[in-house]
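Here, residue 1 is the first one in the sequence, and each next residue gets the next number. These numbers were taken from a predicted model, which means no experiment stands behind them.
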Amino acid sequence: MEDHDLVARAQQGDGQAFTLLVRRHERTLYATVYAMTRSQWDAADAVQDALMTAHAKLRTLRDPDRFGAWVSRILVNRCNSMLRSRSRTVPVAEPPEPVAFRWDGPEDGMDLMQALQRLTPDHREVLALRYFRDLKLEDIARVLGCPAGTVKSRINRALGAMRAEMDRPTLQEVRR
């Protein structure tokens with residue numbers, strides 16, 4: 001069943017349809033926020049808050065085909081609020097990163113999430129929306145409130161910065 005069918009059913013009060021939408025999108029929403037906030041706790045909170053808001057305001061969604069972009073906008077707004085409030089708090093030690101984001105392949109332990117986290121917030125944001133949420137340029141532009149050309153150039157610059165981070169030798173490689 002397509003998203004627009006599930007949205008239409010959920011807008012008419014079908015809770016099971018909304019549950020299916022949540023299951024379909026929750027992993028990519030989590031990955032998006034984790035890439036932006038670098039915190040598994042903030043990511044879990046932001047996703048939960050965004051999905052609660054989406055459920056409460058689902059009837060205001062005019063175009064069911066745009067559910068992914070719409071919930072992403074809610075998520076980015078929640079994430080930005082979280083990041084603003086984080087600047088006013090004292091950080092505590094972060095638990096180890098979730099195993100699901102580690103790459104243990106032939107690339108000698110290359111960790112994509114660590115490289116992504118070393119990027120600027122703007123770069124993390126566009127890469128997360130494009131590759132974790134799989135949004136089109138036009139949808140990302142709507143989510144971020146900027147022209148599609150700006151999104152395209154940000155993605156291009158972010159990918160360049162990501163390549164540079166991936167090419168940078170790790171501490172283990174330097175010690176060899």
If you compare all heavy atoms of [X] against all heavy atoms of [Y], which two are closest, and at what distance to 0.1 Å?
| X | Y | result |
| --- | --- | --- |
| Leu129 | Ser72 | CD2-CB, 4.2 Å |
| Arg59 | Gly13 | NH2-N, 4.2 Å |
| Ala43 | Val33 | CA-CG1, 3.4 Å |
| Gly68 | His25 | CA-CE1, 4.2 Å |
| Ala10 | Leu58 | CB-CD2, 3.3 Å |
| Cys146 | Val151 | SG-CG2, 3.6 Å |

[atom1]/[X] to [atom2]/[Y] distance, rounded to the nearest 0.5 angstrom?
| X | Y | atom1 | atom2 | value |
| --- | --- | --- | --- | --- |
| Glu26 | Thr19 | CD | OG1 | 10.0 Å |
| Thr37 | Leu83 | OG1 | CG | 6.5 Å |
| Ile155 | Thr150 | CD1 | OG1 | 11.0 Å |
| Arg78 | Met52 | CZ | CE | 9.5 Å |
| Leu144 | Glu125 | CG | CD | 4.5 Å |
| Trp41 | Met82 | CH2 | CE | 13.0 Å |

Check whether any side-chain N or O of Arg9 sits under 3.5 Å from a backbone N or O of Ala17 as a donor-acceptor pair, and report yes or no. no
State whether the side chain of Glu165 and the backbone N or O of Leu119 hold a donor-acceptor pair below 3.5 Å, judged by distance alone. no
Stepwise side chain to side chain contact (heavy atoms under 4.5 Å, CB included) check, Tyr131 with Leu159: CA-CA 11 Å; Tyr131 296 106; Leu159 288 173; 3.6 Å; yes
No-hydrogen, no-angle side-chain donor-acceptor test under 3.5 Å, Arg133 and Thr28: yes
For Met1 and Leu20, what are the C-alpha separation, side-chain angles and deciding distance, and is it a side chain to side chain contact (heavy atoms under 4.5 Å, CB included)? CA-CA 10 Å; Met1 186 173 287; Leu20 289 173; 5.7 Å; no
Between Trp70 and Asp139, does the side chain to side chain contact (heavy atoms under 4.5 Å, CB included) criterion hold? Intermediate values first, please. CA-CA 9 Å; Trp70 179 73; Asp139 291 333; over 6 Å; no
Could you label the plane-to-plane angle of the Tyr30 and Tyr34 rings as parallel, tilted or perpendicular, counting under 30° as parallel and over 60° as perpendicular? parallel
Apply side chain to side chain contact (heavy atoms under 4.5 Å, CB included) to the pair Asp14 and Phe18, showing each step before the final yes or no. CA-CA 7 Å; Asp14 184 345; Phe18 189 77; over 6 Å; no
Report yes if some heavy atom in the side chain of Leu29 is under 4.5 Å from a heavy atom in the side chain of Val22; otherwise report no. no
Tell me, do Met162 and His123 make a side-chain contact under 4.5 Å, heavy atoms counted? no
Heavy-atom count check: over 12 atoms from other residues, nucleotides or ligands less than 6.0 Å from Arg142 CZ? yes
Check this for me: does any side-chain nitrogen of one of Asp122 and Arg154 sit under 4.0 Å from a carboxylate oxygen of the other? no
Under the criterion salt bridge (charged side-chain N to carboxylate O under 4.0 Å, His left out), I'd like the reasoning laid out for Asp134 against Arg130: C-alpha separation, chi angles, the key distance, then a yes or no. CA-CA 5 Å; Asp134 198 28; Arg130 176 66 188 105; 3.3 Å; yes
